[in-house]
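Counting starts at 1 for both ligands and their atoms, in listed order.
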Amino acid sequence: MHPLALAASVLALSHCALAGKVCSRPPEVLFATIDVNKSVYDVGEEIEYTCRPGFVPNSGQRKYTCLPTGKWPLNTLLCLPKRCPTPGPLQHGKIDFTDFHYQSSISFSCEPGYNLIGTRTSQCMADGKWSGTLPQCQPVTCAPPSLSEFGVLSYRRVKPGNISYFLDTITFECMPPLALIGNETATCMANGSWSSIPECKVVTCPTPTGIENGFIEFAVRRTYHYNESVSFGCQPSYVLDGPKHSRCENTGNWSTKPTCKGPCKIPVKKAVVLYNGEKKRVQNDLKEGIRHGEIISFFCKNKEKSCAYTVAVPCVDGNLTLPACFKERGFFSTLVKKDPSDMKPCEDQA
Ligand SMILES: *[C@@H]1O[C@H](CO)[C@@H](O)[C@H](O)[C@H]1NC(C)=O
Ligand SMILES: *[C@@H]1O[C@H](CO)[C@@H](O)[C@H](O)[C@H]1NC(C)=O
Ligand SMILES: *[C@@H]1O[C@H](CO)[C@@H](O)[C@H](O)[C@H]1NC(C)=O
Ligand SMILES: *[C@@H]1O[C@H](CO)[C@@H](O)[C@H](O)[C@H]1NC(C)=O
Ligand SMILES: *[C@@H]1O[C@H](CO)[C@@H](O)[C@H](O)[C@H]1NC(C)=O
Ligand SMILES: *[C@@H]1O[C@H](CO)[C@@H](O)[C@H](O)[C@H]1NC(C)=O
Ligand SMILES: *[C@@H]1O[C@H](CO)[C@@H](O)[C@H](O)[C@H]1NC(C)=O
């Protein structure tokens, strides 16, 4: 060391010893400033830390006094970033964030079918508030559909009001006798266009063909227009099954026609049966058989208990299946044995 410098430092040391101890620069605290910032402080001098804008004291104390030992007391101050309030909610949208602290930024977005009105991002500011105002997600609107065939195709809104929003629907109608080809309803989509727009067309169906064992009522040999209908009937003793009318559909086809179901002959020569709740002799009363859909009950014998029970069978389009337990009686047995229909009924029918 240079002799002169040595002399100077000895001088400084002696000066300090004379004036007592001093504190050096106080410790730096993250995110804080000091009210009086200098390199040397006298014993008893007080300093105060302040958290920087956007930060708040979380723990520890802010004021410290230079101690007679020339040291500062242990610094305990902790400044943490302010937290902005939880943003939102954003109806029909979402908020992306990592945290809500000072200088953080959050971003807004809307669900498909909704447009963001306002700012896309916001920052947590030093005052603990979010910059700007919360944006809104407004539903997409669909312009009224442009109808090329105006006057033929019309539509109405399902919900009242002049404006169609995302997911609103409209229903179309064609002027009779034109047929609507396509989807009758359209939905306002996320991109602001209608899901589909149908067409109105002239549709004819050929002269309808008849049905087996039946006829078309008031049939006229001509082509028919969309939505015209014809009705059907069946020959005597046949039964109509299905819709009575068939309609000319927008495909140019006739809707499902009915069928005529045939009657059933009773496949026994002689028997007493139950028909409409009454005992009938097949050979006398049911020579014509029964109609499709009707039911008759045959008498069967329980030999052990010497009693009789009934089994019901339906006529299904000309088919009638005898119950397995039914025995047609020969001439001899009718003379010597009681007919099951005259026996006492079994209590618990098996
Ligand atoms: C005090 O001032 C010094 C030098 O200008 C600077 O480096 C330091 O960051 C300041 N400390 C505080 C707490 O403001
Ligand atoms: C629809 O618009 C017409 C004029 O364009 C207006 O008179 C009517 O009040 C509107 N209706 C609704 C429900 O906004
Ligand atoms: C008609 O469109 C609606 C949407 O508007 C859809 O939900 C429906 O499945 C469509 N129907 C047919 C038969 O395509
Ligand atoms: C909207 O989306 C449909 C398919 O989803 C597309 O066919 C149509 O062209 C789009 N319309 C517009 C205006 O982008
Ligand atoms: C078809 O005709 C019937 C009457 O027969 C009517 O009630 C119905 O609205 C018509 N349908 C259409 C789509 O024109
Ligand atoms: C009648 O319907 C069938 C399908 O069931 C279809 O293939 C045919 O094209 C239709 N006829 C007309 C004239 O559209
Ligand atoms: C009658 O029954 C037979 C045998 O089970 C069957 O093959 C036939 O299709 C039936 N007829 C009718 C019209 O149901």
Distance in Å, F108 CZ paired with T121 OG1, rounded so as to fall on 0.5 Å steps: 7.5 Å
For residues S231 and E217, is any side-chain donor paired with an opposing acceptor at under 3.5 Å? yes
Taking the six-membered ring for Trp, are W72 and Y41 parallel (under 30°), tilted (30 to 60°) or perpendicular (over 60°)? perpendicular
How are the rings of H92 and Y114 set relative to one another: parallel (under 30°), tilted (30 to 60°) or perpendicular (over 60°)? parallel
State, without any angle test, whether R157 and S164 hold a side-chain donor-acceptor pair at a distance under 3.5 Å. yes
Report yes if the distance between the aromatic ring centroids of F299 and Y309 is under 6.0 Å, otherwise no. no
Among all protein heavy atoms, pick the one closest to atom 11 (N) of ligand 4 and tell me residue, atom and distance. N191 ND2, 3.0 Å
Could you pull out, from T185, I170, N183, T187, the option with a heavy atom nearest to atom 1 (C) of ligand 3? N183
Is at least one protein non-hydrogen atom found at under 4.0 angstrom from atom 5 (O) of ligand 5? no
Of all the atoms in ligand 3, which lie at a distance below 4.0 Å from a heavy atom belonging to S195? 5 (O)
So the atoms of ligand 5 within less than 4.0 Å of a heavy atom of Y226 turn out to be 13 (C)
Mark whether atom 9 (O) of ligand 3 lies under 4.0 angstrom from at least one protein heavy atom. no
Close-contact set for ligand 3 against A186 heavy atoms, below 4.0 Å: 5 (O)
